[in-house]
Amino acid sequence: MKLLGTILVRQMGRLVLSGVIVEVEAYLGEIDPASHAYRGLTKRNAVMYGEPGHAYVYFTYGFHHCLNITTEKVGKAGAVLIRALQPREGIDRMKKNRGVNKLESLTDGPGKLTKALRIDRALNGEDLVASKKLYLVRGSGARINVGRSARIGIKVGLEHRWRYFIKGNPYISKTKPRSENP
DNA sequence: CTCGTGATTGACT
DNA sequence: GTCAATCACGAGC
């Protein structure tokens, strides 16, 4: 996944928060039962059908926001869920936003990183190329060791191993995919 | 350390 | 009415 190693920047006035993307999951519409777009276009997932390179932000579990980046052409649903970041700039501010002091648990989960970076549905549909509030910066290009596994937190579509992460990075999420069935 | 569970809103059936 | 791409915390090992 090309997004691994890319830097995600959140800018609020003079304040800059950023981190390196270290863990992602791919979701495709139609063929993917775990995707929000599996049952077709709805109000919530409309952004997934729009242009690639935009932010798809949704609210879940009554507490958390999750950040996705759309990947497919207009009319085709597809997005990549950003699951974890390695904090880079504005770390003190992120700690404040999260109310924690440990660097490793600052952004090692999809709900955590949106809270740390103050991402909410106001940023849904944001153009990550043109935006000044939330955008991507090409990484260093350093060689990275990519691992792969089943996706986390879903009950269906486990046959697709579409979770990608930087192997050995301490900031990836610790939760494991549910492999068995209750 | 690992495991289980409660919290709480919005969108879909 | 039901359920969700999650997290924090407390109990038990």
Side-chain angles (χ1 to χ4, degrees), chain A residues 1 3-4 6 8 10 17 19 21-50 52-72 76-87 94-126 128 134 146-166 170-182:
Chain A
M1 212 62 246
L3 279 171
L4 290 177
T6 301
L8 177 73
R10 171 80 167 114
L17 307 174
I21 298 172
V22 296
E23 179 178 351
V24 298
E25 284 177 7
Y27 287 87
L28 295 181
E30 276 110 63
I31 63 158
D32 181 4
S35 170
H36 286 166
Y38 184 53
R39 291 186 180 78
L41 176 66
T42 65
K43 191 174 162 190
R44 179 173 60 171
N45 65 30
V47 176
M48 283 179 86
Y49 287 84
H54 285 234
Y56 166 42
V57 182
Y58 66 91
F59 186 66
T60 191
Y61 292 107
F63 291 83
H64 304 292
H65 296 277
C66 292
L67 171 66
N68 295 243
I69 299 175
T70 58
T71 53
E72 303 298 320
K76 195 176 171 191
V80 171
L81 170 69
I82 309 301
R83 283 199 59 86
L85 298 177
Q86 174 172 343
M94 290 193 236
K95 285 179 180 170
K96 222 170 174 181
N97 288 347
R98 289 264 296 111
V100 300
N101 240 342
K102 273 175 66 183
L103 194 57
E104 314 89 60
S105 54
L106 208 49
T107 53
D108 63 340
K112 299 182 190 178
L113 71 90
T114 52
K115 193 172 178 191
L117 298 197
R118 286 275 168 87
I119 292 169
D120 58 24
R121 279 176 309 167
L123 292 168
N124 192 28
E126 193 80 7
L128 295 173
L134 184 67
V146 177
R148 188 167 94 127
S149 82
R151 291 170 294 177
I152 294 173
I154 55 175
K155 298 180 180 135
V156 290
L158 288 166
E159 66 275 21
H160 302 302
R161 309 212 319 146
W162 287 343
R163 170 173 174 255
Y164 300 89
F165 54 94
I166 298 180
Y171 301 99
I172 63 177
S173 67
K174 280 93 194 167
T175 323
K176 289 176 210 129
R178 69 169 64 176
S179 43
E180 294 128 52
N181 179 49

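Because only heavy atoms are used, hydrogens play no part in the values below, and waters and symmetry mates are left out as well, while side chains stay in. If you're wondering where the values come from, they're calculated on a predicted model, not measured in any experiment. Throughout, protein chains are lettered first and strands after them, A, B, ... in sequence-line order, and every chain is numbered starting at 1.
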task = Map R121(A) and Y61(A) onto DNA chain B by nearest heavy atom, then report which one ends up closer to the 5' terminus.
result = Y61(A)
task = Could you tell me whether the side chain of S35(A) and the main chain of L28(A) form a donor-acceptor pair under 3.5 Å?
result = yes
ask   = How close or far is atom C1' of dT13(B) from atom NZ of K43(A), stated in whole angstroms?
value = 16 Å
ask   = Is the backbone of L117(A) close enough, under 3.5 Å, to the side chain of R10(A) for a donor and an acceptor to pair up by distance?
value = yes
inquiry  = Looking at F165(A), I'd like to know if the NZ or CZ of R83(A) sits under 6.0 Å from its six-membered ring centre while staying within 45 degrees of the ring's axis.
reply    = no
message = Heavy atoms only, 4.0 Å cut-off, all strands: where does G111(A) land among base, sugar-phosphate and nothing?
response = sugar-phosphate
note = F59(A) CZ to dC12(B) P, in whole Å, measures 15 Å
request  = Quick one: look up who dA5(C) pairs with, Watson-Crick or G-U, both distances under 3.5 Å, and put none if it's unpaired.
outcome  = none
inquiry  = Can a donor-acceptor pair be found, under 3.5 Å and without considering hydrogens, that links the side chain of R98(A) to the backbone of K115(A)?
reply    = no
key: Main-chain N/O of A79(A) paired with N68(A) side-chain donor or acceptor, under 3.5 Å   = no
ask   = Along DNA chain C, 5' to 3', what are the outermost nucleotides having an atom less than 4.0 Å from a heavy atom of chain A?
value = dA4(C) to dA8(C)
key: Check: D108(A) side chain, Y171(A) main-chain N or O, donor-acceptor pair, under 3.5 Å   = no
message = Which is more 5' along DNA chain B, the nucleotide nearest R44(A) or the one nearest H64(A)? Just name the residue.
response = H64(A)
inquiry  = Measure CG/N124(A) against P/dG10(B) and give the value in whole Å, please.
reply    = 14 Å
